[in-house]
Amino acid sequence: MQFEFFPSRTLTIYLARLFVTRIFAVLFMLVLVLQMLDLLGESGDILAYPGNGQGQLLYYVSMRLPQLVARFLPYSVLLATIITLATLNQNSEVISMKAAGLSAHQVLAPLVAAALAISGLSFVFNERVVTRATAALNAWEAVDYGPIPKTSTARNNLYLAEGRDILLAGTLSGEGNAMVMTQVTYYRRDGSGMIVEQLRAPRATYANPGWRLENPVEFNAQTITQQRMGSAVVAKGITPARIAISGVDADGEGLFTLTKSIDAMALAGRRTTDLQAAWWHKLSGPLSAALMPLLGAIAAFGLARSGQLLIRAVIGMALGFAYFVFDNAALAMGNFGGYPPFVAAWAPFLLFLLIGETVLIRTEE
């Protein structure tokens, strides 16, 4: 019996290389198919905007591709685990390793180590690439695939209330007093909440105080008349500082930026439970890739000639997909305040870590 955690250097490199190549092969296949389907669904809306063509389609793919890679990387690790271990079992390589004195944990150790490395790369990729691509794509979608926002930090779909009145904006770019809104709509309401006036403008800038609408179209609901104005200043109670702590998109912000947003919203007395859950999930999400070899390990053990290899592979796949279901459900509960943020992000990971270890020990160790 060997007491080292890893098997020999040669065997460790062999298993890790086998596992990693299958991860990227499965990921390439999944992303290629899903990107084609997604582009087919969105290409009509992209090309509907006058002047858009192949360049805009390629831009959409470049922004959407990182999201697909980040979302389906854990699935790829799970499927690669099933494929790798089932193949090793089918070829009696697992039996040979166990006959040499290796335990089940030692057989899985190279896969877990490779998955941990993948988790680290996934975290860096999410922080440096996915967040920026998400912010830019959301801003572009908010203007119906019109002129591409100049900054990847542009925010979209803002909803701001000033007493009874409401200010909506398709996108917002810039910082401080240099903030600029596009596709702006302002609703003025009476004491009963009924809309009495609507102002629509293609652009608005900060007038200190208020926001100056450029060439707005006014619709008066009482007189049912419409007129175009040169400019109008509205929402004098809405400041850039207030906008800075509203409408935070956790998917479009990195870990450190999101930390500052949470602190700013907490100082303003705003609810931050959903953002805190998203903050913790930025750590537990990439780490889920390291859990997949353990959940799929059941496919590696047991005699292939017993006819139960397919059943074991299906069980391993079911455990992996059950984790993703529980993870999404717990995160949703955290967003609604049903679970504390830390519990919402980490409880599924710890629960299935114990389940995977229990299944492995009960069946093989």
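Side-chain contact between L287 and W346 is present, with heavy atoms from C-beta onward closer than 4.5 Å. Contact check for F19 versus P293: side-chain heavy atoms found under the 4.5 Å cut-off. Inter-residue side-chain proximity for V359 and I315 is flagged as unmet; no heavy-atom pair is nearer than 4.5 Å.
Residues Y49 and Q56 have side chains that never bring a donor and an acceptor to within less than 3.5 angstrom of each other.
Ring centers of W211 and Y186: at least 6.0 Å apart, outside the cut-off.
Side chain of S122 to backbone of I118: no donor-acceptor contact under 3.5 angstrom is found. Here the side chain of K282 pairs a donor or acceptor atom with the backbone of A250 at under 3.5 angstrom. Using a distance-only test at 3.5 Å, with no hydrogens or angles considered, no donor-acceptor pair links the side chain of T84 to the main chain of T81. Remark: side-chain polar atoms of N52 are paired, donor with acceptor, to backbone N or O of Y145 under 3.5 angstrom.
Sparse packing is recorded around CZ of F326, with 12 or fewer heavy atoms of other residues, nucleotides or ligands lying under 6.0 Å away. No more than 12 heavy-atom neighbours from other residues, nucleotides or ligands sit within 6.0 angstrom of CD1 on I224.
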*Could you walk me through whether Q198 and T185 pass side chain to side chain donor-acceptor pair (under 3.5 Å), step by step?*
CA-CA 7 Å; Q198 172 189 279; T185 304; over 6 Å; no
